[in-house]
Number of protein chains: 2
Amino acid sequence: MADRGYGQFCPVAMASEVLGTRWTMLVVRELLCGSSRFNELRRGLPRISPALLSKRLNELEELGVVERRCDGERGSPTYYLTEAGEELRPVIMSMGSWGQRWLETQLSLKNLDPSLLMWDMRRNLNPTPLPSRRVTIQFLYQGLTRGQREWWLIVDKAAQHGVVDLCMTDPGHDVDLYVVTELRTMTAIWMGITTVREASDAGRLRLTGTPELASRMEHWLGLSPFAQETKQVTVR
Amino acid sequence: MADRGYGQFCPVAMASEVLGTRWTMLVVRELLCGSSRFNELRRGLPRISPALLSKRLNELEELGVVERRCDGERGSPTYYLTEAGEELRPVIMSMGSWGQRWLETQLSLKNLDPSLLMWDMRRNLNPTPLPSRRVTIQFLYQGLTRGQREWWLIVDKAAQHGVVDLCMTDPGHDVDLYVVTELRTMTAIWMGITTVREASDAGRLRLTGTPELASRMEHWLGLSPFAQETKQVTVR
DNA sequence: CAGTATCCGATGCGATACTG
DNA sequence: CAGTATCGCATCGGATACTG
């Protein structure tokens, strides 16, 4: 195993060598989605070890895909994609579209994870159709253990630190909308496999609270970037 | 290491799991380029072991990306991409384009390989501008060892088995055009890093024989599919 | 030609603990 | 918070030889 590489000058081979190592594409995906701090990245990649994430970031920096910035003197470092990294977007998007179209849904729905789902929802939520006051939405996933069951999204357009907050513990505010469903259903909605309306009609999703929030859920709830890709594989 | 997977429902993660294993993307690339027989694939992937190629083909078949056909009763099997496999083309192309734009040329030119280059040239050669008679073109790579140095491309539009033949031993025909250069130069031309004209003018490529063949070389010599991507990384 | 079978070595990477 | 350090194992895949 003298050579880890493919020994080919073909650009596809060269790119595969670099992008094919475990976790690399997902680190880039997280950066493309806007994460920039170490522990923010870890949150989107729960199963990566800190050592490996650090290694990947260094490799990507060495490659010219990632730029590490040490803001201020004292501030903790942040990571951003360079132009080369930004140009990986079409690669990631085409991979994701292909995955959505051709990989078994069952396989995806075996990898249910409320923290990943909520984290994704947090960053894709669209505050525009929401009122200007602070809005609190509680998600309650039936059948999950305590500690995984309850989530709060707090949207405050006037907030200075960031518009959408995600909590796992009761923030204490009055709740404007309760969303009660199974994690599987909510994930299927997020992935575009079903819709809020379908799930509601089937009684698998229950919305209680401010009627305007409930009726406009399809508008403020962002979906996965791949949700509009049509599945080509039957859900078995 | 209970789980080899990423444990994420995200389609990018799902696709990475499948496409990220070593050699997989390159097997798909070969199939996209038109190879369909086992040893034809091996030719485009010289460093893969037969065992691993077999394994990858089985995995891809299982995934629904590859279809194995056993033509006739007796015939040896062939492999084709399914619709799902064909739809990997944008993934491969975007990876290749990115590689061409952003990965060090030096890295590519470290992976020089005359058999891969000639094999690629064989399948991308454009016979249209060539005369209707049989044409033999000999490539002579200076500085390579005997057995790697001499290559013959035989183009015969009237041939029944295939228009372009590649030989490593003298086919015995009269040679219509001799191409004398270094492997590095020819590879750089193939990759679009330099041109036939540039290399000729610099004396790094010498064409002797039928003047029409020589002058039209830029037209019949196909280039890498990524040759028109502009390098963004300086050649150091 | 089209693969299987077998073996074994390197190393990637996961787990955990620890530090400035 | 943002990593480094260390350890050890599983497993991937490379090499080689063999078969219908």
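Every chain is numbered from 1, with letters handed out A, B, ... down the list of sequences.
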Problem set entry | Centroid-centroid distance, A:Tyr6 to B:Trp23, less than 6.0 Å | yes
For this session: Check whether any side-chain N or O of A:Arg68 sits under 4.0 Å from OP1 or OP2 of D:dG3, and answer yes or no.
Result: yes
Exercise. Does a nitrogen or oxygen in the side chain of A:Trp23 sit under 4.0 Å from OP1 or OP2 of C:dG14?
Worked result: yes
Problem set entry | B:Leu57 side, atom CG; B:Leu53 side, atom CG - distance, nearest 0.5 Å | 4.5 Å
For this session: Take the protein atom CG of B:Leu45 and the nucleotide atom C1' of D:dG14, then report the distance between them rounded to whole Å.
Result: 15 Å
Exercise. Starting at CG of B:Leu53 and ending at C1' of D:dG14, how long is that distance when rounded to a whole Å?
Worked result: 14 Å
Problem set entry | Residue that, paired with B:Val155, satisfies side-chain contact (heavy atoms from CB on, under 4.5 Å) out of B:Asp176, B:Thr136, B:Leu130 | B:Leu130
Seminar exercise, completed: When rounded to whole Å, the CG to P distance for the pair A:Leu52 and C:dT16 reads 15 Å
Exercise. When all nucleic acid strands are considered with a 4.0 Å heavy-atom cut-off, which category describes B:Arg42: base, sugar-phosphate, or nothing?
Worked result: nothing
Problem set entry | Atom NZ of B:Lys157 with >12 non-hydrogen neighbours under 6.0 angstrom | yes
Problem set entry | d(CD, B:Glu17; P, C:dC13) in whole Å | 13 Å
Exercise. Does B:Tyr79 put a side-chain nitrogen or oxygen below 4.0 Å from OP1 or OP2 of C:dG3?
Worked result: yes
Exercise. Is any side-chain N or O of B:Ser54 closer than 4.0 Å to OP1 or OP2 of C:dG3?
Worked result: no
Exercise. For C:dG20, what is the paired nucleotide under Watson-Crick or G-U wobble rules, both distances under 3.5 Å?
Worked result: D:dC1
For this session: Scan A:Arg22 against the nucleic acid and name what it touches under 4.0 Å (heavy atoms): base, sugar-phosphate only, or nothing.
Result: sugar-phosphate
Exercise. What is the distance, rounded to the nearest whole Å, between atom NZ of B:Lys55 and atom C1' of C:dT6?
Worked result: 14 Å
Exercise. What nucleotide, of C:dA2, D:dT4, D:dA17, holds the atom closest to the side chain of A:Asn58?
Worked result: D:dT4
Problem set entry | Opposite nucleotide pairing with C:dG12, Watson-Crick or G-U, both atom distances under 3.5 Å | D:dC9
For this session: Write down the atom of B:Phe9, the atom of A:Leu112, and the distance for their closest heavy-atom approach.
Result: CD2-CA, 4.5 Å
Exercise. When you measure from the side chain of B:Arg56, which nucleotide among C:dA15, D:dG13, D:dC1 comes out closest?
Worked result: D:dG13
Please report, to 0.1 Å, the donor-acceptor pairs under 3.5 Å made by any side chain of residues 37-46 of chain B, with sequence neighbours excluded.
unit_1  : atom_1 : unit_2  : atom_2 : d
B:Arg37 : NH2    : B:Ser76 : OG     : 2.7
B:Glu40 : OE1    : B:Ser36 : N      : 3.2
B:Glu40 : OE1    : B:Arg37 : N      : 3.1

Exercise. Within the structure shown, what part of the strands sits under 4.0 Å from A:Arg47 by heavy-atom distance: base, sugar-phosphate, or nothing?
Worked result: nothing
For this session: Report the distance from atom CD of B:Glu40 to atom C1' of C:dG3, rounded to the nearest whole Å.
Result: 16 Å
Exercise. In whole angstrom, what separates A:Leu26's CG from C:dC13's P?
Worked result: 12 Å
Seminar exercise, completed: Here the distance between atom C1' of C:dA2 and atom CZ of B:Arg69, to the nearest Å, is 18 Å
Exercise. Closest nucleotide of DNA chain C for B:Asn39 versus for B:Ala51: which of these residues is on the 5' side?
Worked result: B:Asn39
Problem set entry | B:Pro77 side chain, from C-beta outward: closest of D:dA2, C:dC1, C:dG3 | C:dG3
For this session: Tell me whether the OP1 or OP2 atom of C:dC1 has a side-chain N or O from B:Arg37 closer than 4.0 Å.
Result: no
Problem set entry | B:Ser49 side-chain N/O to D:dA15 phosphate OP1/OP2 under 4.0 Å | no
